Amino acid sequence: MYRQTPYAPSPLRSFAEWLDTHAWSTALHESLWMYPLVNSTHVLTVTLFVGLLLMVDLRLLGVAFKETPVSELTSRLLPWSVAGFVVMCASGLLLFYAIPLRTTHSVWFRVKVVLLCVGAINAWFFHRRVSKDRDRWDSQPKPPVGVRFTAAISLLTWTGVIVMGRMIAYNWFDCDRAQSAFIVWAAGCATQVAELSP
Amino acid sequence: MTWCEMFGWLPLYDSLEQTWLGSTVRESLWLMPAIWAVHLVGLAAIGGSILVVDMRLLGAGLVRLSPAQVAANAKPWFLASLALMLVTGVLLFLTEAVKCCFNNSFEVKITALILGIAFTFAVRNRVAARDDAPAWLMKGVAALSLATWFTVAAAGRWIGFSG
């Protein structure tokens, strides 16, 4: 008896399979109220995280709050944005926990995680390096080009994260459909038909 | 029972779904996800531009600025993201208008949206623009604004769950 096993073995794959054995994972996925509530929390908190970060980035780009020092926006708004980020991470982990196998092999999800890392490195770079001489440009209506560059990278990566998150819903590149060699590699699909014991 | 069912709007919704725009978007592989993506990025932007003003009215966030200053800076971004949300929202509605006819969340969302837009322009923006408004008024207006816009977003997400 033959059947296509859509996923190639890997440590990541084993981890997802282990999560999938959890009774709570299945319960969350199938629950009438909890899954929609966690999902809604994840979607709505984007207003707090990215929405307020947008206000800070617009100031860094020199297109909004131009008369206000940059430090005023970062110190007053970023704590709220970070709180939103924490809620998004917690609810996002729960969403992953509910559907571990398909999500692990979603190319959209994989690109989303890469973009999350880019966003995190960019934020670290901004706070550790770019902000070192902030006193010099704190009150400038239009900060120096390096500052504006990190703000633009921030907006682009977080926009990308939102778009990729939405795209996970589409099954175009799922492993149980015929895929190109590139998608098979990128999603970690199996390339061979495996033999199952009868 | 939705208003659409009660008042027999189904033929109207059905003809909207049959329009060229509705069927073009629905039958396109890429347009649907693209419009969805813009709608969600717009959610972040409109949320931020609403939150920053209502937070200030509640005494949080940019407290060193006057409510009028915060509102003036947020306004162009609120208007731009509202326009983006309305355009993409109408397109999404046209692709599945018949489903929306039987969807309570859709009607809750649209009702809250109309109330939200009216309240924002008629009351909330005016209170924010005058810096001498009493604290109780600022806080009450901000709480109502947040509650209304939260309903728009939450009921919007719920349309898909209450299919």
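The structure displayed is predicted, hence computed values, not measured ones. In what follows, chains carry the letters A, B, and so on, assigned in the order in which the sequence lines appear, proteins first and then strands, with residues in each chain numbered from 1.
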[atom1]/[X]: more than 12 non-hydrogen atoms of other groups inside 6.0 Å:
| X | atom1 | result |
| --- | --- | --- |
| A:F149 | CZ | no |
| B:W3 | CH2 | no |
| A:F182 | CZ | no |
| A:Y97 | OH | yes |

[X] and [Y]: same hydrophobic cluster, using ILVMFWY side-chain contacts below 4.5 Å?
| X | Y | value |
| --- | --- | --- |
| B:L40 | A:V113 | yes |
| B:F78 | B:F119 | yes |
| B:L10 | B:L12 | no |
| A:L116 | A:M164 | yes |
| A:I153 | A:L54 | no |

- Message: I need the minimum non-hydrogen distance between B:M32 and A:Y170, along with the two atoms involved.
- Response: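 Minimum heavy-atom separation between B:M32 and A:Y170: C-OH, 4.2 Å.
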
- Task: Working to the nearest 0.5 Å, report the span between CG of A:L44 and CH2 of B:W149.
- Result: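 That separation rounds to 13.0 Å.
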
- When rounded to the nearest 0.5 angstrom, what is the spacing between CZ in B:R157 and NE2 in A:H42?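 So the gap between those two atoms works out to 11.0 Å.
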
Between [X] and chain B, with a heavy-atom cut-off of 4.5 Å, which part of the residue counts as in contact: side chain, backbone, both or neither?
| X | answer |
| --- | --- |
| A:W158 | neither |
| A:L37 | both |
| A:F65 | both |
| A:L58 | side chain |

Could you look at [X] and say if it's the side chain, the backbone, both or neither that has a heavy atom under 4.5 Å from chain A?
| X | answer |
| --- | --- |
| B:L29 | both |
| B:S81 | neither |
| B:A60 | side chain |

- Selection from A:E72, A:M167, A:R59 maximising heavy-atom pairs under 4.5 Å formed with chain B: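 Option with the greatest count: A:E72.
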
- Query: Which of the residues A:L73, A:V50, A:T68 is involved in the greatest number of heavy-atom pairs with chain B at under 4.5 angstrom?
  - Reply: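 Winner by heavy-atom pair count: A:T68.
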
- Would you call the rings of A:W33 and B:W158 parallel, tilted or perpendicular, where under 30° means parallel and over 60° means perpendicular?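 Plane angle under 30°, so parallel.
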
- Message: Apply side-chain contact (heavy atoms from CB on, under 4.5 Å) to residues B:N73 and A:E67 and explain how you reach the verdict.
- Response: CA-CA 10 Å; B:N73 277 287; A:E67 310 82 24; 4.1 Å; yes

- Message: Test side-chain contact (heavy atoms from CB on, under 4.5 Å) on B:I50 and A:T47; report intermediate values, then the result.
- Response: CA-CA 9 Å; B:I50 291 170; A:T47 57; over 6 Å; no

- Of all of B:L62, B:L65, B:V70, B:V63, which one pairs up most often with chain A through heavy atoms under 4.5 Å apart?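 Winner by heavy-atom pair count: B:L62.
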
- Quick one: of B:V38, B:I46, B:L43, who has the most non-hydrogen atom pairs under 4.5 Å with chain A?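 So the answer, after comparing B:V38, B:I46, B:L43, is B:L43.
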
- Task: Show your reasoning for whether side-chain contact (heavy atoms from CB on, under 4.5 Å) applies to B:F161 and A:N39.
- Result: CA-CA 10 Å; B:F161 290 133; A:N39 186 300; 3.7 Å; yes

- Message: Would you say that A:L52 contacts B:M55 through its side chain, given a criterion of any heavy-atom pair below 4.5 Å between the two side chains?
- Response: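 They are in side-chain contact.
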
- Message: Run the side-chain contact (heavy atoms from CB on, under 4.5 Å) test on A:W80 and B:L51 for me, step by step, so that the C-alpha distance in whole Å, both residues' side-chain angles and the decisive distance to 0.1 Å come before the verdict.
- Response: CA-CA 10 Å; A:W80 292 92; B:L51 274 171; over 6 Å; no

